[in-house]
Number of protein chains: 2
Amino acid sequence: MLTRTAADLGAVIRDRRKRLKLDQSTLAKKVGVSRQWLIEVEHGHPRAELGLIRRVLDALGIKLDADSNPSAGRGVPKTAVDLDAIVAKAKKGKP
Amino acid sequence: MLTRTAADLGAVIRDRRKRLKLDQSTLAKKVGVSRQWLIEVEHGHPRAELGLIRRVLDALGIKLDADSNPSAGRGVPKTAVDLDAIVAKAKKGKP
DNA sequence: TCCGAATGTCAGCGTTCGCTTACATTATCA
DNA sequence: TGATAATGTAAGCGAACGCTGACATTCGGA
């Protein structure tokens, strides 16, 4: 699943956890975090540490994939990004 | 790319940034983080905030995909996880 | 219905984040 | 070669993290 927001990820985690019949305490212990933390993450806490998140995903068998694919619809061959546009945009800031 | 560690992600980010001909300062400003932070992340800082990481990936056009697929090769229909095994494993801890 | 488990909420605390500023070190190019 | 940009390192600081522990609240089965 493509996760746009922290809430998305939280939902994925919770869903997966339940599907695996694990309660928060068990998973938290297994992963090595506090139950409190797990609760907040499942609720979509956006500022959680990447490392801990990763550990949870790992424990749940969820792979984290960083797909370097620009928004382009489909037929993007390989490395065909509109550099200039991006750079220009970058220079303008984002109003 | 499948990112296992924070260093992996850092590499992806740096690579992408360079490919886009952006320097750290520019990207940092665009994303709304400090250059210092970007440096640490590119070096694989594992405890960075998920939200900021996501913003960077976003700015670079990198999608974050959380794939809930256990190691199974390919033909996993829908919900066919070996629950018992996983639960049992969970109860044993991980020595 | 009642009882226990699972989940959510609160407060306090030490640690670490991410920021700023300034200064090295290392490319990169005229 | 020298100069300028890009990158790395360091110290100090406020803010937020994640943890512990205790206490509500909700859920599920006997």
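- Rounded to an integer number of Å, the gap from B:Leu22 CG to D:dA5 P is 18 Å.
- Here D:dC19 presents its C1' atom at 13 Å from CZ of A:Arg55, a figure rounded to the nearest Å.
- For the pair B:Val31/B:Trp37, no side-chain contact is recorded, criterion being any heavy-atom separation below 4.5 Å from C-beta on.
- Among all heavy-atom pairs drawn from B:Arg35 and B:Ser25, the shortest one is CD-OG, 3.2 Å.
- Between the side chain of A:Arg16 and the backbone N or O of A:Leu60 there is at least one donor-acceptor pair closer than 3.5 Å.
- When rounded to the nearest whole Å, the span between CG of A:Leu50 and P of D:dA16 equals 20 Å.
- One atom, CG of A:Leu27, and another, P of C:dA6, lie 13 Å apart when rounded to the nearest Å.
- In this entry the distance linking CG of A:Leu52 with C1' of D:dG18 reads 8 Å, nearest Å.
- Of all the residues in residues 31-40 of chain A, A:Arg35, A:Gln36, A:Ile39 reach under 4.0 Å from DNA chain C with at least one non-hydrogen atom.
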Practice prompt. Could you walk me through whether B:Lys63 and B:Leu57 pass the side chain to side chain contact (heavy atoms under 4.5 Å, CB included) test, one step at a time?
Written response: CA-CA 7 Å; B:Lys63 302 274 186 290; B:Leu57 296 180; over 6 Å; no

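- Summarising the geometry, the separation between NZ on B:Lys29 and P on D:dT7 is reported as 13 Å, rounded to the nearest angstrom.
- Judged by distance alone, the side chain of A:Asp8 and the main-chain N or O of A:Arg4 form a donor-acceptor pair under 3.5 Å.
- Rounded to a whole Å, the NE2 atom of A:His43 is 12 Å from the C1' atom of C:dA6.
- Listed candidates were C:dT7, D:dG18, C:dC17. Nearest to the side chain of B:Arg47 is C:dC17.
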Discussion item. Does A:Thr3 form a side chain to side chain contact (heavy atoms under 4.5 Å, CB included) with A:Val12? I'd like the steps, not just the answer.
Written reply: CA-CA 8 Å; A:Thr3 61; A:Val12 170; 4.2 Å; yes

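- Atom-to-atom, CZ of B:Arg14 to P of C:dA27 comes out at 11 Å; the value is rounded to the nearest Å.
- Look at A:Arg17 and you'll find a side-chain N or O under 4.0 angstrom from OP1 or OP2 of C:dT7.
- Ion pairing of B:Arg54 with B:Glu49 is absent here, as no side-chain N (NZ or NE/NH1/NH2) approaches a carboxylate O to less than 4.0 Å.
- Note on A:His45: a side-chain N or O is less than 4.0 Å away from OP1 or OP2 of D:dG18.
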